[in-house]
Amino acid sequence: SAVISQKPSRDICQRGTSLTIQCQVDSQVTMMFWYRQQPGQSLTLIATANQGSEATYESGFVIDKFPISRPNLTFSTLTVSNMSPEDSSIYLCSVTLGVSYEQYFGPGTRLTVT
Amino acid sequence: LAKTTQPISMDSYEGQEVNITCSHNNIATNDYITWYQQFPSQGPRFIIQGYKTKVTNEVASLFIPADRKSSTLSLPRVSLSDTAVYYCLVGVSGGSYIPTFGRGTSLIVHP
């Protein structure tokens, strides 16, 4: 298994500002993902964080709005840029280990944009 | 990508067996089927994963018919603490793993 921590756990931000969310894993992982989850809704995949290269974004998400870094096998950041109230959500980091497709999730970052 | 369809909600009572079925008609040859459980204010938690036939672990069983177009998560003797949202996930498509969650099934266990 993997232990995943996210920082911050929650934040309240003003529109137009940016927030960077950190995801730290206690072991080397193969894949890292970023999700968004609105209250009462399912998880929406934002992107796959690729080590040492640009992230792979899903439809509807772009690098200018959600820049992602993954400098090594245990750490990634997601930035929510130029925030608006519609960006208010829970952001979750997820990883897989080895060759398994079993995913482990972080506790999430609850973002509120005012 | 294989799209999944699950019932939006289910109700059960303590001690009963609960079966949640997920439909994935477009599942590809390389796709695995994975189920997750999510409690409020927490990230999803892995329950079970399978490719075909039956898989059992300490918390659940997963039944997959030969055509693999559906799967059933079986929770034996549920308790109140099993009240959660359950997601069926079908991954690996075209060589890339793109873990896309469906809408999930909200299970409520009553006393």
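Basis for what follows: all heavy atoms, side chains included, without hydrogens, waters or symmetry-related copies. In the text below, chain A, chain B and the rest are named by the order of the sequence lines, each starting its count at 1.
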Checking heavy atoms, do the side chain of A:Leu92, its backbone, both or neither come under 4.5 Å from chain B? side chain

Interface moiety of A:Thr96 toward chain B, non-hydrogen atoms closer than 4.5 Å: side chain

Separation between OG1 of B:Thr4 and CH2 of B:Trp35, rounded to the nearest 0.5 Å: 8.5 Å

Just how far is it from atom CD1 of B:Ile27 to atom OG of B:Ser70, taken to the nearest 0.5 Å? 9.5 Å

Hey, are the side chains of A:Leu111 and A:Ile90 touching, using non-hydrogen atoms and a 4.5 Å cut-off? no

Does the ring centre of B:Tyr87 sit less than 6.0 Å away from the ring centre of B:Tyr36? no

B:Arg68 to B:Tyr51, cation-pi by 6.0 Å centre distance and 45° axis angle: yes

Strictly below 4.0 Å, N to O, side chains only: are A:Arg15 and A:Asp87 in salt-bridge contact? no

In terms of heavy-atom pairs under 4.5 Å, which option from B:Gly102, B:Pro99, B:Gly43, B:Gly104 contacts chain A the most? B:Pro99

Are B:Ile108 and B:Met10 joined in one hydrophobic group, where the rule is that I, L, V, M, F, W and Y side chains link up if heavy atoms are under 4.5 Å apart? no

May I ask you to list the residues in residues 22-40 of chain A that approach chain B closer than 4.5 angstrom, counting heavy atoms only, ordered by number? A:Met31, A:Phe33, A:Tyr35, A:Gln37

